[in-house]
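Atoms within each ligand, like the ligands themselves, are counted from 1 in listed order.
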Amino acid sequence: MKIVIIGGTGLIGSKTVDRLRKQGHEVIAASPNTGVNTITGEGLAEALAGTDVVIDLANSPSFEDKAVMEFFETSGRNLLAAEKVAGVKHHIALSVVGTERLQESGYFRAKLAQERLIKASGIPYTIVHSTQFMEFLGGIAQSGTVGETVHLSPAYMQPIASDDVADTMADVALARPVNGTIEIAGPERSRLSDLVGRYLKAMGDARKIEPDPEARYFGARLEDGSLVTDNNPRLGRITFEEWFATSARK
Ligand SMILES: NC(=O)c1ccc[n+]([C@@H]2O[C@H](COP(=O)([O-])OP(=O)(O)OC[C@H]3O[C@@H](n4cnc5c(N)ncnc54)[C@H](OP(=O)(O)O)[C@@H]3O)[C@@H](O)[C@H]2O)c1
């Protein structure tokens, strides 16, 4: 089977490429660095010729409200139009658990716009909603940092290791489209401010956590359940302790 992975050089993309190649599939890692750009259209038609499955694992270089909306709308439109021409049979995209609840945030408005384009495209699809990647805990800390203090919501989170996410993306690529959304999460639930505090301490980072229910998460105020799901998610295997011991400093 020929599979094109848009964003195939990124964190989840590169791991998904490896898994599907090991299973013997023809896999193209498509990104600006390999000559395929979903914003300009460069290389897109050539990469998609004869493709059965497309997995969209691209991310916007900027999270600024206007830039991120332009990225996901333009990329989504160009990609889905090129897939129609190429006769792609399954479009898969990775989005975030709670996207529909986080619409105060420009990033999540852009992810919802991406999802709506997919649903309206007429191409059979599967959207995977994931919780936060463990690899993103440092980015979350950075987003709440003012001076030496990190202001974070104490809402619940259930982060998942990128290896578990990539396992799911590879499985979904080989399964039938569900024309709906499936959800994945890590094995353990914690409060965001507690877990990021544990992460920073384990990294030897001196910043102090200030739990604050009013602290915004990329622009959105969180309720306790905003970032988690009880909708029977597929659970990853890798705990925070295991991930930290093997992968955190890579
Ligand atoms: N972070 C989280 O906790 C989280 C949780 C759930 C879902 N997600 C979603 O997971 C997805 C993947 O995230 P990630 O962290 O793996 O991304 P990442 O490591 O930042 O990689 C982004 C990828 O997008 C590619 N890209 C950028 N501009 C492009 C363009 N114009 N055309 C084609 N490809 C382009 C990059 O290519 P180059 O290397 O060539 O620049 C790179 O391969 C995102 O859609 C994100 O919304 C994230």
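At a heavy-atom cutoff of 4.0 Å, ligand 1 is contacted by the backbone of S95 but not by its side chain. For F133, heavy-atom contacts with ligand 1 shorter than 4.0 Å involve the backbone as well as the side chain. Counting heavy atoms under 4.0 Å from ligand 1, residue H129 does not touch it at all. At a 4.0 Å heavy-atom cut-off, ligand 1 touches V36 through the backbone alone. Of the heavy atoms in T131, only backbone atoms (N, CA, C, O) come closer than 4.0 Å to ligand 1. Using a 4.0 Å cut-off between heavy atoms, L57 contacts ligand 1 through its backbone alone, with no side-chain atom that close. If you look at F63 next to ligand 1, there are no close heavy atoms at all, none under 4.0 Å.
Heavy-atom separations between V165 and ligand 1 are all 4.0 Å or longer. Ligand 1 lies less than 4.0 angstrom from a heavy atom belonging to P32.
Every atom of ligand 1 with a heavy atom of G7 under 4.0 Å away is listed here by number and element: 23 (C), 24 (O), 25 (C), 43 (O). The contact set between ligand 1 and F71, taken as ligand atoms under 4.0 Å from a residue heavy atom, comprises 28 (N), 29 (C), 31 (N). Ligand-side atoms of ligand 1 in range of I12: 16 (O), range being under 4.0 angstrom from any heavy atom. Listed by atom number, the atoms of ligand 1 under 4.0 Å from K111 heavy atoms are 44 (C), 45 (O), 46 (C), 47 (O).
Every pair passing side-chain hydrogen bond (donor to acceptor under 3.5 Å, both in side chains) that includes a residue from residues 74-85 is listed here, sequence neighbours excluded: T38-S75, E83-H91.
Nearest approach of N37 to I39, heavy atoms of both residues: OD1-N, 2.8 Å.
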TODO: Kindly determine whether F240 and F133 satisfy ring-ring contact (aromatic ring centres under 6.0 Å, His included), including the steps that lead there.
DONE: CA-CA 11 Å; F240 173 78; F133 310 152; over 10 Å; no
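A search for ring pair (Phe, Tyr, Trp, His ring centres under 6.0 Å) contacts involving F63 returns Y107, not counting sequence neighbours.
When only non-hydrogen protein atoms are considered, atom 27 (C) of ligand 1 lies nearest to N59 O, 3.4 Å.
Between Y217 and Y156, the ring centre distance reaches or exceeds 6.0 Å.
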